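Notes to accompany the following structure.
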Number of protein chains: 2
Amino acid sequence: MIARKIFKGLDLSKEEFDLISSNFEQVSYRKGDIILKIGEEVPYQYYVEDGCLRTFFEDKKGKEHTLQFAVKDWWISDYTAFINSRVAIMNIECIQDVILHRMTYEQLESIYREVPKVESFFRRKLERAFASFQNRILSNLADSAQERYLSFLKTYPEVDRNVKNYHIASYLGITTETLSRIRKRLAGE
Amino acid sequence: MIARKIFKGLDLSKEEFDLISSNFEQVSYRKGDIILKIGEEVPYQYYVEDGCLRTFFEDKKGKEHTLQFAVKDWWISDYTAFINSRVAIMNIECIQDVILHRMTYEQLESIYREVPKVESFFRRKLERAFASFQNRILSNLADSAQERYLSFLKTYPEVDRNVKNYHIASYLGITTETLSRIRKRLAGE
DNA sequence: TCATCATTTTATCATAGGTCAATTTTTACT
DNA sequence: AGTAAAAATTGACCTATGATAAAATGATGA
């Protein structure tokens, strides 16, 4: 049962796990599928059972920028749009075939009511996401492209294994050519 | 009573406001004071009644980078350290003379217990802070220094009025010379 | 296995922004 | 008001990264 996997840190009864599970819906998509488009409503947040996805947007010049990746056991959505019932400001793309478990905001709230521990679980998640955004800002301010690439590899080796270099470049805010040069430089050290 | 000002959005009884107020302690500092240093415990978060502050750190080369500003009616702390009982990874500096109201994490939790509405209040604050960090990352990825400066002015005119250009530069991730050139370019348009 | 398409690398040149040093302007203090 | 210190601007030069184009490598599917 997927809820046991998703909330494995929490000490919940069988009934609670059942109740939570009844609020998840399993869905699958193929590599390349866009499961959320800018401007659409954001009905779901997704738990990733398997596969890899990213959120990204296009700037005025048509260049893509990746905000976040999600691999096995992570969550993904246009989070701020999801919780505020706004339309998406980012796309979500499947980088590989994926198996997801999705829930609506109403379902999330109903779980909060029935199983309060879940609310703390998500609050801690939000706090960690906040901290990681903060680190990214600090790293943008203080570090060179090469340093940011190295700390990306160190922090998210699991992501590195699953995405193309041009995805990483668009996450780091550099071109694939620059990333290629950085990799060459690192190789020859 | 300061609690009425701080939680002005919330519909609370006089008793609740009193209880909350009893958990705040008013403190004042002079311009230039560093009220939190990297490596120290982070006992407090601060509500700004008046004045202006910033959180910043120094990189290996000794260059300062500003993560956040706080002006009247904002909160400031090394938030992730505060909630996780870690030591500070940023300094907090008073850019002007300030009047603050501080509380410890224990006091915060005790307020949560007594006045649950306050917990939602802070959760919404965290969500907004999260969204603003996200916007900053997106803007770093997609926008030029000039565009970032313009959107800073638009989003935080109140901050602009209270800080030096070199503070803004260290927030935008550029040098004061570059900011000066951008300002000149904008003036001649 | 070949052929095609996607991805990465390489080379050349262009540019935004950084560095350093000097100067001007603003602010704060006596 | 007058002076010293702080902040902002300017100029000359430098560097990391971007843009463009082409070549090399890797992956995929008939």
Side-chain angles (χ1 to χ4, degrees), chain A residues 30-34 51-52 54 56 58-66 69 93-97 139-153 159-189, chain B residues 30-34 51-52 54 56 58-66 69 93-97 139-153 159-189:
Chain A
R30 306 297 310 279
K31 176 177 172 171
D33 288 354
I34 304 284
C52 179
R54 66 169 182 144
F56 74 97
E58 251 178 52
D59 65 26
K60 314 141 213 152
K61 294 170 198 152
K63 193 170 167 188
E64 286 186 4
H65 301 279
T66 297
F69 296 108
E93 175 192 8
C94 303
I95 291 180
Q96 305 168 333
D97 293 355
S139 164
N140 274 153
L141 289 173
D143 301 336
S144 68
Q146 175 164 323
E147 289 167 322
R148 279 180 282 136
Y149 175 57
L150 287 171
S151 73
F152 171 83
L153 291 182
V159 174
D160 178 51
R161 258 174 260 126
N162 286 290
V163 307
K164 301 290 177 191
N165 283 348
Y166 60 81
H167 289 134
I168 299 177
S170 84
Y171 175 93
L172 295 175
I174 58 180
T175 59
T176 68
E177 292 88 346
T178 294
L179 179 53
S180 179
R181 281 181 210 114
I182 289 171
R183 287 158 55 81
K184 190 182 184 185
R185 205 185 306 149
L186 290 171
E189 268 176 11
Chain B
R30 305 299 309 279
K31 175 175 174 174
D33 288 354
I34 304 283
C52 179
R54 67 170 183 144
F56 74 98
E58 250 178 53
D59 66 25
K60 314 142 213 149
K61 293 170 200 152
K63 195 171 165 186
E64 286 186 5
H65 301 279
T66 298
F69 296 108
E93 176 193 6
C94 303
I95 291 180
Q96 306 168 332
D97 293 354
S139 164
N140 274 153
L141 290 172
D143 301 337
S144 68
Q146 176 165 325
E147 288 166 323
R148 278 179 283 134
Y149 176 57
L150 286 171
S151 71
F152 171 83
L153 290 183
V159 174
D160 178 51
R161 257 173 263 126
N162 285 290
V163 307
K164 301 291 175 189
N165 282 347
Y166 62 81
H167 290 134
I168 299 177
S170 84
Y171 175 93
L172 295 175
I174 60 180
T175 59
T176 65
E177 292 90 340
T178 295
L179 179 54
S180 178
R181 283 180 202 113
I182 289 171
R183 286 158 54 82
K184 189 181 184 185
R185 205 186 305 148
L186 290 170
E189 266 176 10

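Below, read A as the first sequence line, B as the second, and so on, with proteins coming before strands; counting in each chain starts at 1. What you see is a predicted model, and the numbers here were worked out from it, not measured in a lab. Side-chain atoms are counted along with the backbone in the values below, which use heavy atoms only and exclude waters and symmetry mates.
Residues that satisfy the side chain to side chain donor-acceptor pair (under 3.5 Å) test with Ser144(A), not counting sequence neighbours, are Glu147(A). Looking at residues two or more places apart in sequence or on another chain, you find no side chain to side chain donor-acceptor pair (under 3.5 Å) involving Glu58(B). Not counting sequence neighbours, the partners of Asp143(B) by the salt bridge (charged side-chain N to carboxylate O under 4.0 Å, His left out) test are Lys60(A). Scanning for side chain to side chain donor-acceptor pair (under 3.5 Å) contacts around Tyr166(B) gives an empty result, with sequence neighbours left out. In this view, Asp160(A) satisfies the salt bridge (charged side-chain N to carboxylate O under 4.0 Å, His left out) rule with no residue, not counting sequence neighbours. The side chain to side chain donor-acceptor pair (under 3.5 Å) check on His65(A) picks up Asp59(A), with sequence neighbours excluded.
Between the two ends of the helix from dT1(C)-dA30(D) to dT30(C)-dA1(D), each summarised by a five-pair axis, the helix axis turns through 50° (rounded to 10 degrees).
dG18(C) atom P lies 11 Å from atom NE2 of His65(B), rounded to whole Å. Whole-Å rounding puts the Leu141(A) CG to dG17(C) P distance at 14 Å. Distance NZ (Lys184(B)) to C1' (dT23(C)): 13 Å, rounded to an integer number of Å. For the pair His167(B) NE2 and dA8(D) C1', the interatomic distance rounds to 14 Å; values are reported in whole Å.
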Scan nucleotides 12-30 of chain D nucleotide by nucleotide, 5' to 3', and note B when protein non-hydrogen atoms come under 4.0 Å of the base, S if they reach only the sugar-phosphate, - if neither.
-> B----SBBBB---------

Going by atom type alone, with no hydrogens or angles, which donor-acceptor pairs under 3.5 Å involve a side-chain atom of residues 167-174 of chain B and a protein atom two or more places apart or on another chain?
unit_1: His167(B); atom_1: ND1; unit_2: Lys164(B); atom_2: N; d: 3.2
unit_1: Ser170(B); atom_1: OG; unit_2: Thr66(B); atom_2: N; d: 3.4
unit_1: Ser170(B); atom_1: OG; unit_2: Thr66(B); atom_2: OG1; d: 2.5
unit_1: Ser170(B); atom_1: OG; unit_2: His167(B); atom_2: O; d: 3.1

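Between Asp97(B) and Arg30(B) there is a salt bridge, since a side-chain N of the basic residue sits under 4.0 Å from a carboxylate O of the acidic one.
Residue Asn165(B) has no polar side-chain atom (N or O) positioned under 4.0 Å from OP1 or OP2 of dA6(D).
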